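Bear in mind the structure is a predicted one, so any value in this text is a computation, not a measurement. Indexing begins at 1, ligand by ligand and atom by atom, following the structure's order. Basis for what follows: all heavy atoms, side chains included, without hydrogens, waters or symmetry-related copies.
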Amino acid sequence: MKNLFLFAAVLLLISGCTNNSVEPEIITEDVSYSAEIQPIFTNSCNSCHSAGQNNFNSSSYQAVMASTSPNYGGPHVVPGNADGSPLVDKIEPNPQHNDRMPTTGPLSQNQIAKIRAWIDQGAEDN
Ligand code: HEC
């Protein structure tokens, strides 16, 4: 039983790695969480996620980093690994679980690229 579960988890992981249809823009400069990322969350996510409702808390750096997903089975942000972060999966087309975020209409390609770059650069509180 335990082995079956592990097998399913590995399959999920593998399929997650190949599920990247969006080519991110190349961002080489350092992305600032406070100047560039929190404003995206505040404007586009806080209306539904400011207090941790709907399985995610977008209200602050600490809250974002502490958010974990019951569906993906781990933290929403995996520092250094945008491809492996459920947060990125949820803002790109065809997420593995439920709807693309924000449900009110997608972020711009540039906003998605910034979030990806911030995570790949270590998801720092900068
Ligand atoms: C109009 C309401 C609304 C807005 C705005 C919104 N969300 Fe959501 N979000 C939801 C709902 C409802 C769910 C639960 C269902 C689902 O996962 O599709 C959810 C779930 C999530 C989850 C948890 C998924 C999981 O399975 O753990 C993440 C992460 C997320 N949203 C990120 C975002 C981000 C990032 C933004 C802004 C860019 C955003 N959401 C904007 C309504 C919203």
Side-chain angles (χ1 to χ4, degrees):
M1 193 59 197
K2 197 177 167 199
N3 280 342
L4 250 185
F5 176 77
L6 276 175
F7 181 60
V10 168
L11 272 186
L12 266 177
L13 264 178
I14 293 169
S15 64
C17 292
T18 56
N19 187 22
N20 272 304
S21 47
V22 173
E23 281 302 321
E25 276 175 55
I26 308 293
I27 292 182
T28 48
E29 75 273 19
D30 284 354
V31 176
S32 159
Y33 180 84
S34 57
E36 302 177 83
I37 304 301
Q38 184 60 52
I40 299 174
F41 292 155
T42 301
N43 293 329
S44 302
C45 317
N46 274 4
S47 59
C48 302
H49 293 292
S50 64
Q53 68 275 45
N54 302 312
N55 299 328
F56 180 60
N57 192 328
S58 55
S59 62
S60 69
Y61 175 81
Q62 284 73 17
V64 168
M65 297 307 286
S67 286
T68 57
S69 170
N71 297 312
Y72 292 83
H76 284 118
V77 174
V78 182
N81 186 2
D83 282 339
S85 293
L87 171 64
V88 171
D89 187 56
K90 286 294 280 183
I91 59 175
E92 292 189 340
N94 309 312
Q96 289 175 50
H97 300 282
N98 303 312
D99 297 325
R100 184 180 184 182
M101 294 292 132
T103 53
T104 42
L107 298 176
S108 71
Q109 282 295 91
N110 193 48
Q111 287 174 315
I112 294 171
K114 289 261 165 148
I115 291 171
R116 277 185 157 277
W118 167 68
I119 294 175
D120 279 335
Q121 289 168 10
E124 287 174 59
D125 184 10
N126 56 358

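- The shortest side-chain heavy-atom distance between Met65 and Pro79 falls under the 4.5 Å cut-off.
- Nearest to atom 32 (C) of ligand 1 by heavy-atom distance, out of Arg100, Gln111, Met101, is Met101.
- Numbered from 1 in the order shown, with element, the atoms of ligand 1 that lie under 4.0 Å from a heavy atom of Leu87 read 35 (C).
- Under the 3.5 Å distance criterion, the side-chain polar atoms of Ser69 are matched with a main-chain donor or acceptor of Asn71.
- A perpendicular orientation is assigned to the rings of Phe41 and Trp118, their planes being inclined by more than 60° (bins at 30° and 60°).
- Contact annotation for Ile40 and ligand 1: no heavy atom of the residue comes within less than 4.0 Å of the ligand.
- Contact annotation: the side chain of Pro93 approaches that of Arg100 to within less than 4.5 Å [non-hydrogen atoms, C-beta and beyond].
- Among the atoms of Thr103, no N, O or S atom is found under 2.8 Å from atom 8 (Fe) of ligand 1.
- Of the protein's non-hydrogen atoms, Lys90 NZ, 2.7 Å is the one closest to atom 17 (O) of ligand 1.
- What sits closest to atom 39 (C) of ligand 1 on the protein, heavy atoms only, is His49 CD2, 3.4 Å.
- Remark: minimum distance from atom 36 (C) of ligand 1 to any protein heavy atom is reached at Cys45 SG, 2.7 Å.
- Close approach to Asn71 involves these atoms of ligand 1, each under 4.0 Å from a residue heavy atom: 25 (C), 26 (O).
- Note on ligand 1: Ser47 sits in its first shell, one or more heavy atoms being nearer than 4.0 Å.
- At the top of the distance list for atom 1 (C) of ligand 1, counting protein heavy atoms only, stands Cys48 SG, 2.7 Å.
- Side-chain contact between Ile91 and Pro106 is absent, with no heavy-atom pair separated by less than 4.5 Å.
- Note on Val78 and Ile119: separate hydrophobic clusters, where clusters join Ile, Leu, Val, Met, Phe, Trp and Tyr whose side-chain heavy atoms are under 4.5 Å apart, directly or indirectly.
- Nearest protein neighbour of atom 25 (C) of ligand 1, counting heavy atoms only, is Ser69 OG, 3.3 Å.
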Q: Check the pair Ser59 / Asn57 against side chain to side chain donor-acceptor pair (under 3.5 Å), numbers first and verdict last.
A: CA-CA 6 Å; Ser59 62; Asn57 192 328; 2.7 Å; yes
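- Residues Ile37 and Lys114 meet the side-chain proximity criterion, which asks for heavy atoms closer than 4.5 Å.
- For atom 20 (C) of ligand 1, the closest non-hydrogen atom on the protein side is Asn54 O, 3.2 Å.
- How far OG of Ser85 is from NZ of Lys90: 14.0 Å, rounded to the nearest 0.5 Å.
- Phe56 and Ile40 fall within a single hydrophobic cluster, where Ile, Leu, Val, Met, Phe, Trp and Tyr are joined by side-chain heavy atoms under 4.5 Å apart, directly or via other members.
- Phe56 CB, 3.7 Å is the protein heavy atom nearest to atom 28 (C) of ligand 1.
- Close contacts between ligand 1 and Ser44 involve ligand atoms 5 (C), 37 (C), 41 (C) [criterion: under 4.0 Å to a heavy atom].
- Listed by atom number, the atoms of ligand 1 under 4.0 Å from Asp99 heavy atoms are 18 (O).
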